Amino acid sequence: MLDVKLIRERPAALEKALADKGGAELIRQIATRDEERRRRLREVEELKALRNRTSEAIGQAKRRGGDVSGEQARMRDVGERIKALTDELKAVDDAIQTLLVQVPNVPHASVPPGRSDADNVEVRRWGAPKEFPFPPRPHEEIGEALGVLDLDRAARVAKSRFAVLWGPGARLERALIQFMLDLHTRERGYTELWVPHLVNGETMLKTGQLPKFEEQLFKTVEADENRTLYLIPTAEVSLTALHSGETLLEATLPRRYTAFTPCYRREAGTYGKDMKGMYRQHQFDKVELVKIATPAQSYDELESMVADAEEVLRRLDLPYRVVERCAGDVGFSAAKGYDIEVWRPALRKYTEISSCSNYADFGGRRVDIRYRPAAGGKPDYCHTLNGSGLAVGRTLIAILENYQLADGTVAIPPALRPYAGGLERLTAFSV
RNA sequence: GGAGGGGUGACCGAGCGGCCGAAGGUGCGGCACUGGAAAUGCCGUGCACGGGUAAUCCCUGUGCCGCGGGUUCGAAUCCCGCCCCCUCCGCCA
């Protein structure tokens, strides 16, 4: 959420900055409403000041035994007017709030211009895509042939876009989770948390999921609609909302949190897209990274977060590239962000496996997390960051495809073997 | 789900409907004392939103004692609804 003051003081600059992301029209509407709001606020406050002064006087006069019935009647009228004006003010406030939560974040000055992912900029590559002496197969073929990936029965139990992993397939999924968490907590300074997978509407609003992405969320049905709970689309939601409303001491920043959770997404509007295999699922596992930092720290922390996610791929020896998202593709809440894309031999291209973003003060303000500067002075909003470290299912896909062998089996990356009970190779599985 | 108790500032904890942004204590910051520290003493110590302003300093107004309503000239204090926490009972992985 942007600072209304910014909209008030520099609407033209904002409209320009948001040209690629949309939202210029919203800025204009908010600026108009904001003027109206301040006008009414002044009226109400002047009346309240009058009431406070007079009530004080009434109290004193009464104690002296004077007649105050006339003043009381006058204040009764003032009270009515205050009530009426307050209702109007509330309506304007609500309208502004409704508009404000729809305005996307302003891209950082360093973000490359552009409107779509076609304008994203490749930052670096790591590892050389392996050449196979045979036509590499896609993961769904490999997995189903080995009997470890079962999409048909998943559709029977739930619906399409769900998966069942069997035996060593499930074991590998679990190994990856453990491997990633150990790396981040033991070597990268993250604190591991275990968090709710169902959260309330307020949390979804504060983390930027609502109202814009309502149609992407699974939710519970409650007798009282206000008590609806939503399944998290990412652990970022729970981790970021943790400190909502708190003022943290600067000395305790940056906070670096990691959590493993399943993630639930409706994936509405993606019919026919990525339908093969388990690349795009309604339920998937993810190890998430979240940071809460000072404004001075956040952009360095973004770079190191990307490096933390990259390290997972390096340990697994999976070729990848890092892409910086352009202004038009950077995401609703993000000021700056990178995607990490892993090599897919069967597709002969890189596909997304992690996305790391700095939401900056936009995120901190929306979720209401501040910090008290060590040097003294007023508290200021923290910057919030998040990134996948990594999407577990997609990592499994990358392993199946990059480590596949001519005989249809799959080698297990050495770094993962201790976590997979020493398993060195994925071979045909049957019960 | 049932019965009872409770939600006040960073924390603990007072608070007759007006004199309460809120006693007292702890913590924290500064100063004094000290060779240095402890102890002690003195002073200070919220946030948001308006207005005065170019200003996050200063002055001023309004609001905030779980949240939302109501009563009243006036509510931390009275009334109603909701949320959360604690204890006991029931159910239960």
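These values consider heavy atoms only, across backbone and side chains, with no hydrogens, waters or symmetry-generated copies. Just so we're clear, the structure is a prediction, and the values are computed from it rather than from any experiment. Below, chains carry the letters A, B, ... as their sequence lines are ordered, and counting in each starts from 1.
OP1 or OP2 of B:rU71 has at least one side-chain nitrogen or oxygen of A:Lys83 nearer than 4.0 Å. A sub-4.0 Å separation between OP1 or OP2 of B:rG61 and a side-chain N or O of A:Arg53 is absent. Contact annotation: A:Arg51 side-chain N/O to B:rC73 OP1/OP2 distance is not under 4.0 Å. A close approach under 4.0 Å does not occur between any side-chain nitrogen or oxygen of A:Arg38 and OP1 or OP2 of B:rC49. Remark: A:Arg42 is not in phosphate contact with B:rU62, judged by side-chain N or O atoms under 4.0 Å from OP1 or OP2.
The nearest whole Å value for the distance from the CZ atom in A:Arg40 to the C1' atom in B:rG51 is 18 Å. If you measure from atom OH of A:Tyr371 to atom C1' of B:rC47, you get 16 Å, rounded to the nearest angstrom. Following rounding to the nearest Å, A:Leu50 (CG) and B:rG63 (P) show an atom-to-atom distance of 12 Å. Atom CD in A:Glu9 sits roughly 16 Å away from atom P in B:rU53 (whole-Å rounding). As rounded to whole Å, 12 Å separates atom C1' of B:rG63 from atom CD1 of A:Ile82. A:Glu246 has its CD atom 17 Å from the P atom of B:rC47, to the nearest Å. When the C1' atom of B:rG74 is taken as reference, atom CG of A:Asp77 falls 16 Å away, rounded to whole Å. In this structure, CD of A:Glu46 is placed 13 Å from P of B:rG61, rounded to the nearest angstrom.
Ring centroids of A:Tyr359 and A:His383 are separated by 6.0 Å or more, keeping the two rings apart. Aromatic rings of A:His243 and A:Tyr257 (six-membered ring for Trp) have centroids within the 6.0 Å cut-off, being under it.
Rounded to whole Å, the C1' atom of B:rG29 lies 13 Å from the corresponding atom of B:rA10. Rounded to whole Å, the C1' atom of B:rG21 lies 13 Å from the corresponding atom of B:rG15. Taking atom C1' in both B:rG63 and B:rG74, the straight-line distance is 16 Å, to the nearest Å. As rounded to the nearest Å, B:rG41 and B:rG25 have P atoms that lie 10 Å from one another. Using atom P as the reference point in both B:rG9 and B:rA76, the two lie 15 Å apart (nearest Å). Taking the C1' atom of each, B:rG30 and B:rC84 are spaced 39 Å apart, rounded to whole Å. A distance of about 10 Å separates the C1' atoms of B:rA75 and B:rG18, rounded to the whole Å. When the C1' atom is used for both B:rC12 and B:rC65, the distance is 15 Å, rounded to whole Å.
Enclosure of atom CZ in A:Arg314 by more than 12 non-hydrogen atoms of other residues, nucleotides or ligands within 6.0 angstrom is indicated. For A:Arg365, the CZ atom counts as densely surrounded, since its 6.0 Å shell holds more than 12 non-hydrogen atoms of other residues, nucleotides or ligands.
Residue A:Arg8 is in sugar-phosphate contact alone, with no base atom involved, counting any heavy-atom pair closer than 4.0 Å across all strands shown. Within the nucleic acid shown, A:Arg227 comes within 4.0 Å of sugar-phosphate atoms alone, with no base atom in reach, counting heavy atoms only. Counting any heavy atom pair closer than 4.0 Å across all strands shown, A:Leu41 reaches sugar-phosphate atoms only and no base atom. Within the nucleic acid shown, A:Asn52 comes within 4.0 Å of sugar-phosphate atoms alone, with no base atom in reach, counting heavy atoms only.
For B:rG61, the base has a donor-acceptor partner in the side chain of A:Glu45 [N/O atoms by modelled type, under 3.5 angstrom].
Heavy-atom nearest nucleotides on RNA chain B were determined for A:Arg37 and for A:Glu71, and the one closer to the 5' end corresponds to A:Arg37. Between A:Lys90 and A:Gln72, it is A:Lys90 whose nearest contact on RNA chain B lies nearer the 5' terminus.
Contact check on A:Lys206 versus A:Asp368 returns no salt bridge, with no Lys/Arg side-chain nitrogen under 4.0 Å from an Asp/Glu carboxylate oxygen. Taking 4.0 Å as the cut-off between side-chain N and carboxylate O, A:Glu324 and A:Lys336 count as a salt-bridged pair. The pair A:Glu45-A:Lys48 does not count as a salt bridge, with every side-chain nitrogen at least 4.0 angstrom from each carboxylate oxygen. The pair A:Glu43-A:Arg39 does not meet the salt-bridge criterion, since no charged nitrogen lies less than 4.0 angstrom from a carboxylate oxygen. Under 4.0 Å is where a charged nitrogen must lie from a carboxylate oxygen, and between A:Arg8 and A:Glu35 no such pair does.
Among the nucleotides B:rU62, B:rA48, B:rG18, the one closest to any side-chain atom of A:Ala49 is B:rU62. The side chain of A:Lys5 sits closest to B:rG50 out of B:rG50, B:rC47, B:rG18.
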If pairs are Watson-Crick or G-U with both distances under 3.5 Å, what is the dot-bracket string of RNA chain B, marking crossing pairs with [ ] and pairs to another strand with |?
((((((((.[[[..)..(.....]]]((((((.......))))))(((((((.....))))))).[[[[[..)....]]]]])))))))....
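Atoms CZ and CD1, from A:Arg37 and A:Ile30 in turn, are 12.5 Å apart once rounded to the nearest 0.5 Å.
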Kindly determine whether A:Tyr264 and A:His282 satisfy ring pair (Phe, Tyr, Trp, His ring centres under 6.0 Å), including the steps that lead there.
CA-CA 5 Å; A:Tyr264 303 93; A:His282 288 306; over 10 Å; no
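Using the six-membered ring where Trp is involved, A:Trp166 and A:Phe429 have ring planes that are tilted, between 30° and 60° apart.
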Would you tabulate the nitrogen or oxygen pairs shorter than 3.5 Å linking the protein to nucleotides 7-12 of chain B?
none

